[in-house]
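Note on naming: letters A, B, ... go to the chains in the order of the sequence lines (proteins, then strands), and numbering restarts at 1 for each one.
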Amino acid sequence: MLIGDDEMRDELSCPNCSSPAQADDKFCHHCGFPIKGDEDAAATFHSDKNVLEERLQTAEKRIRQASNTMYFLSGLFLLAGFGFYYLYEEIEKPEIVLILFLVLTALYGGLAYWCREQPIPAIISGLVLYTVTLIINLVADASSFYKSILVSIIVIAFLIKGLKAAIEAQSLKEELYLD
Amino acid sequence: MTEETLLHNCKSCSYEIAENARYCTNCGTRVTKPGTGNLTEKKRVIWLTGSFFLVQLLLCSMIHFSDSVNTFGEIVLFDAMLIILTIAFIIPSWEHVHSALTFRGFSMARAGFYMLIAGGLSIMVQYIMTWLNHNLFDTEVYYFHAFSQTDFPLLGMFLTLAVNPAIFEELGFRGIIQGSLSKVIGETQAMPVTAFAFAIIHLSLLSIVWLIPFALLLGYIRMRENTIWYGVLMHFVFNAIAVLHDLPEYYPI
């Protein structure tokens, strides 16, 4: 280790994070604080950090919204599954439709939960699943696709915003050393 | 000597800084870890991969659900479109794909071992699926029909059902999608996400059951060996056995 070697050890330490500093350091090696800078430089340092933290908070809010969108889809498929099963008697194989909808319920629920831990892969998987179900819906029953097109657009918008935010949050966390 | 290994130069001002420093002590620039892409590059990768998947999904849904794409000529046209699409997307994602196209360290023994696994899996899946299709849905699924009117039914079937998917699905999914996603979410997460996308794009409800494990296996081998060629061979063996399984219906022994 370079820092902590006897010849390097100095009385100096960073006023911001108290890590050891050397006499000729202009910036702290650990937090980037301008040790030799004036008050303005210190103020800029703190406001830059605040900006990053605020951006991270906004991004995390968007990620939560994407997660909630998938919880919403999960609930929607649960309702739709039982709705079709009990209300529409003309469906050929009601058990298969019910099982399919319950699988979708479980998948979206799982993805929504996973989204809190690992947002990027969870949202990508959610988008893949949603676009595939949309395409199948369009081919199988175009009229119901057009009826629900507004909901579909809103869902996709929330998921894409969440994905963008998740990628940004990943970079911000790296920049703020929050991992 | 030890001094040198512990120091490196700041990218911004070339000042010598300690290996474990987060910031340059001379100019305050943050030391970025090698291998972590920047934000705009990550977004570009996601958009590119996303649009590749979407176009491929549209093509697949066209052939899957339209009644018109059934003749041999139309199947060839569809395959040609998929090939052009894959090549068109390899070009902008080349930096994420090319490392997986290497034959360096390719071992015939290992390839043989993987092909045996794929063959075993394929035989198992063919028998289970035929049984399931017969007993659950009262249907028989055969691929031969579209090829039987052509001059070379066997050759056509092998090219379009075994050779072409083996090369271009592997290039598209294990090459482009898994390679690109690895740069954004890391290899271990890119693998299951790619496997999920690969399984679901086949648009077959029942097949998901075996497609997901098979895709995970292909993705795992791609990640472990860092090349797509073992996967190409496995995919070929898997599909070729599915084609062979079909034949006795038309050429009774």
**Request:** Might you point out which heavy atoms bring B/Val31 and A/Tyr177 nearest each other, and give the distance in Å?
**Result:** O-OH, 3.8 Å
**Prompt:** What part of A/Ile35 gets closer than 4.5 Å to chain B, counting heavy atoms only: side chain, backbone, both or neither?
**Reply:** neither
**Request:** Against chain B, label A/Gln118 side chain, backbone, both or neither, depending on which of its atoms sit under 4.5 Å from a heavy atom there.
**Result:** side chain
**Prompt:** What part of A/Pro34 gets closer than 4.5 Å to chain B, counting heavy atoms only: side chain, backbone, both or neither?
**Reply:** neither
**Asked** So which heavy atom on A/Lys164 is nearest to which on B/Lys43, and how close?
**Response** O-CE, 4.1 Å
**Message:** I'd like to know whether CZ of A/Phe158 has more than 12 heavy-atom contacts from other residues, nucleotides or ligands below 6.0 angstrom.
**Reply:** no
**Prompt:** Got more than 12 heavy atoms from elsewhere within 6.0 Å of CD, A/Glu117?
**Reply:** no
**Message:** Is B/Leu203 in contact with chain A via its backbone, its side chain, both, or neither, using a 4.5 Å heavy-atom distance?
**Reply:** side chain
**Request:** Begin from the C-alpha positions of B/Ile46 and A/Ile124 and carry the test side-chain contact (heavy atoms from CB on, under 4.5 Å) through to its verdict.
**Result:** CA-CA 9 Å; B/Ile46 289 285; A/Ile124 292 176; 3.8 Å; yes
**Asked** Between B/Arg22 and A/His30, what is the shortest heavy-atom contact and its length?
**Response** CD-O, 3.1 Å
**Prompt:** So, for B/Leu57 and A/Val132, which heavy atoms are closest and what is the spacing to 0.1 Å?
**Reply:** CD1-CG2, 3.7 Å
**Asked** What's the shortest heavy-atom distance between B/Val193 and A/Ser125, and which atoms?
**Response** CG2-OG, 3.8 Å
**Asked** Any chance NZ of A/Lys26 has more than 12 other-residue heavy atoms, nucleotides or ligands included, within less than 6.0 Å?
**Response** no
**Item:** Most chain B-contacting option - heavy-atom pairs closer than 4.5 Å, from A/Leu163, A/Leu129, A/Leu172, A/Ile136
**Value:** A/Leu129
**Message:** For A/Leu87, is the CG atom crowded, meaning more than 12 foreign heavy atoms sit under 6.0 Å from it?
**Reply:** yes
**Item:** Interface moiety of B/Ile201 toward chain A, non-hydrogen atoms closer than 4.5 Å
**Value:** neither
**A/Ile167 portion near chain B, given a 4.5 angstrom heavy-atom threshold** = both
**Prompt:** By a 4.5 Å heavy-atom criterion (distance strictly below it), what part of A/Leu138 contacts chain B: side chain, backbone, both, or neither?
**Reply:** neither
**Prompt:** For A/Ile160, is it the side chain, the backbone, both, or neither that has a heavy atom closer than 4.5 Å to a heavy atom of chain B?
**Reply:** side chain
**Message:** A quick test of your reading: do over 12 heavy atoms of other residues, nucleotides or ligands sit less than 6.0 Å from CZ of A/Phe145?
**Reply:** yes
**Request:** Please confirm whether the backbone N or O of B/Val184 pairs with a side-chain atom of A/Gln170, one donor and one acceptor, at under 3.5 Å?
**Result:** yes
**Prompt:** chain A heavy atoms under 4.5 Å from B/Cys24: which part of the residue, side chain, backbone, both or neither?
**Reply:** backbone
**Item:** Neighbour count above 12 (heavy atom, 6.0 Å) for A/Lys147 NZ
**Value:** no
**Asked** Around B/Tyr15, counting heavy atoms of other residues, nucleotides and ligands shown, do more than 12 lie under 6.0 Å from its OH?
**Response** yes
